[in-house]
Amino acid sequence: MSGDIQPSVPPSIPAGWYPDPAGGNGKRWWDGRSWTQNVQVPDTPQAAPSFGGFIPAADRPVTPLPTAEAGIGYTRASWWIASSPLWVVVPQAAVFGALNALGPVPAESYELGTSLFTALALAILIALAFADRAALRRGGNDTAASPWWMLLSSLAYLIARARQVQLYASGGWASVLWWVLAAVVSPGVGVLAIFAVYGLV
């Protein structure tokens, strides 16, 4: 090999591959006395295979989930929704218990009353969901669950809501747990309301 490649390696250095003194990212073979023409060039990474517009999942860029510097987890409306098993079931049980105390209620009237009460409760819950979403956005959450989840159930809305809240703030699941607790307690409270109507408590 020519001796014009500088700097040279002292003869005490054993033969081997060393960074190329001529520059570049490769390595050049030092035979113990001088540089040789043997050069190792780093492998060039192969381009990711593509099939039209398809890119394999492992090669797709990762887009982080949206985050907010300051979001909120709960609103006043969310707590009203979370306690809906109580304020939907208990008043209904008390009203129909009172009507039964006055005299037998025809089945048709009972079904009509139940349907009207359910429709009214659903309308109130949907309005609360819209109010909740507006409050979340004012509080710094860029996105919020659709209020129309309420058409499935208030629990479905609260679960969808909690998943969205997790993107912007800690918390969000306490309202779901509160709903479950209210749903467990509401039958017993409803029975107590009926007993109170009949003067049994």
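Count residues from 1 along the sequence. The structure presented is a predicted model; accordingly, all values stated were derived computationally and were not measured.
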Side-chain donor or acceptor of Ser34 paired with backbone N/O of Asp31 under 3.5 Å: no

Decide side-chain contact (heavy atoms from CB on, under 4.5 Å) for Trp173 and Arg163; before the verdict, give the C-alpha distance in whole Å, the side-chain angles of both, and the deciding distance to 0.1 Å. CA-CA 8 Å; Trp173 291 97; Arg163 290 175 61 85; 4.0 Å; yes

From CZ (Arg161) to CD (Gln166), nearest 0.5 Å: 10.5 Å

Please, which pairs that meet salt bridge (Lys or Arg N to Asp or Glu O under 4.0 Å) have at least one residue in residues 169-184, sequence neighbours excluded? none

Tell me the closest heavy-atom pair linking Trp87 and Ile124, and the distance in Å. CH2-CG2, 3.7 Å

Should Leu136 and Asp132 be marked as a side-chain contact (heavy atoms from CB on, under 4.5 Å) after you check the CA-CA gap, both sets of side-chain angles, and the distance that decides it? CA-CA 6 Å; Leu136 286 173; Asp132 178 48; 4.0 Å; yes

According to a 4.5 Å side-chain heavy-atom criterion applied to Ile, Leu, Val, Met, Phe, Trp and Tyr, with indirect links allowed, do Trp79 and Leu181 form part of one hydrophobic cluster? yes

CG (Leu120) and CG (Leu116) are apart, to the nearest 0.5 Å, by 8.5 Å

Enter the distance from Ile159:CD1 to Ser154:OG here, rounded to the nearest 0.5 Å. 10.0 Å

So which atom in Leu125 and which in Ser84 form the shortest heavy-atom distance, rounded to 0.1 Å? CD2-CB, 3.7 Å

Find out whether Tyr168 and Thr143 are in side-chain contact, i.e. whether some heavy atom of one side chain is under 4.5 Å from a heavy atom of the other. yes

Side chains of Leu167 and Asn141: does their closest heavy-atom pair fall under 4.5 Å? no

Is it possible for you to say whether Leu177 and Leu155 belong to one hydrophobic cluster, with membership spreading through side-chain heavy-atom contacts below 4.5 Å? no

Closest non-hydrogen atom pair, Leu158 against Ser78: CD2-O, 4.3 Å

Would you check if the side chain of Tyr157 reaches a backbone N or O of Ile81 as a donor-acceptor pair within less than 3.5 Å? no

Identify the two heavy atoms, one from Gln37 and one from Arg28, that lie closest to each other, and give their separation to 0.1 Å. CA-NH1, 3.8 Å

Might you confirm whether atom CH2 of Trp29 has over 12 heavy atoms from other residues, nucleotides or ligands at distances under 6.0 Å? yes

Given the rule that I, L, V, M, F, W and Y join up when any side-chain heavy atoms are under 4.5 Å apart, are Val39 and Trp17 in one cluster? no

Just verifying a value: how many Å separate Ile72 CD1 and Ser170 OG, rounded to the nearest 0.5 Å? 12.0 Å

Nearest heavy-atom neighbours spanning Val88 and Phe117: O-CE2, 3.2 Å

In this structure, are over 12 heavy atoms from other groups packed under 6.0 Å from Trp178 atom CH2? no

List the atom of Pro19, the atom of Trp35, and the distance in Å for their closest heavy-atom pair. O-CH2, 4.0 Å

Student check: side-chain heavy atoms of Leu122 and Ile126 closer than 4.5 Å: yes

